[in-house]
Amino acid sequence: MRASQDGAPDDLAPLHNAVRNAMNNTRGLWVAVIVTAGLIVAFAGGGLAWLGGTPAPLAVLAGFAGFAGFVGLAVAVMTFLTRVQD
């Protein structure tokens with residue numbers, strides 16, 4: 001299978017370039033969306049833990065764990081989608 005200059009297969013090169021350009025031009029906006037979604041995950045996880053009977057300090061830690069996991073995974077996916085291939 002042939003590949004274009006950026007390493008993407010020729011049939012996927014236009015899609016790959018479009019995703020990369022869209023993400024690079026609005027990277028700050030995407031980070032804001034990811035952090036906002038992470039906060040929603042944190043409040044949901046912490047709230048559900050607290051409603052389930054977990055003490056408040058541990059529920060906060062559960063919410064933080066959800067936030068850190070979600071944001072870490074989402075930023076890794078964003079970086080994967082926008083990286084420049086050698």
Side-chain angles (χ1 to χ4, degrees):
M1 178 180 289
R2 283 187 14 201
S4 62
Q5 288 180 340
D6 65 356
D10 283 340
D11 55 341
L12 296 178
L15 177 63
H16 181 261
N17 290 334
V19 168
R20 186 172 38 145
N21 290 336
M23 293 290 284
N24 284 337
N25 293 337
T26 57
R27 187 177 297 243
L29 178 62
W30 279 107
V31 170
V33 168
I34 289 170
V35 169
T36 302
L39 288 173
I40 292 169
V41 168
F43 281 115
L48 288 173
W50 181 68
L51 288 173
T54 304
L58 295 179
V60 170
L61 289 177
F64 175 74
F67 174 83
F70 177 84
V71 170
L73 180 62
V75 168
V77 168
M78 182 184 76
T79 303
F80 175 77
L81 290 175
T82 60
R83 76 186 191 284
V84 176
Q85 297 190 4
D86 296 330

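Computation of the quantities below employed the complete heavy-atom set of this structure, encompassing side-chain atoms and omitting hydrogens, waters and symmetry-equivalent molecules.
Linking Ile, Leu, Val, Met, Phe, Trp and Tyr residues whenever their side-chain heavy atoms come within less than 4.5 Å leaves Phe43 and Val60 in two separate clusters. Criterion: ILVMFWY side-chain heavy atoms under 4.5 Å apart, direct or through other members. Under it, Val31 and Val41 are part of a common hydrophobic cluster. Both Trp30 and Val75 belong to a single network of hydrophobic side chains, linked directly or stepwise wherever heavy atoms of I, L, V, M, F, W or Y lie under 4.5 Å apart.
Side-chain contact between Leu39 and Phe67 is present, with heavy atoms from C-beta onward closer than 4.5 Å.
Listed here is the closest heavy atom pair of Ile34 and Ala74: CG2-CB, 3.6 Å.
Residues passing the side-chain contact (heavy atoms from CB on, under 4.5 Å) test with Ala49, sequence neighbours excluded: Thr54, Ala59, Ala62.
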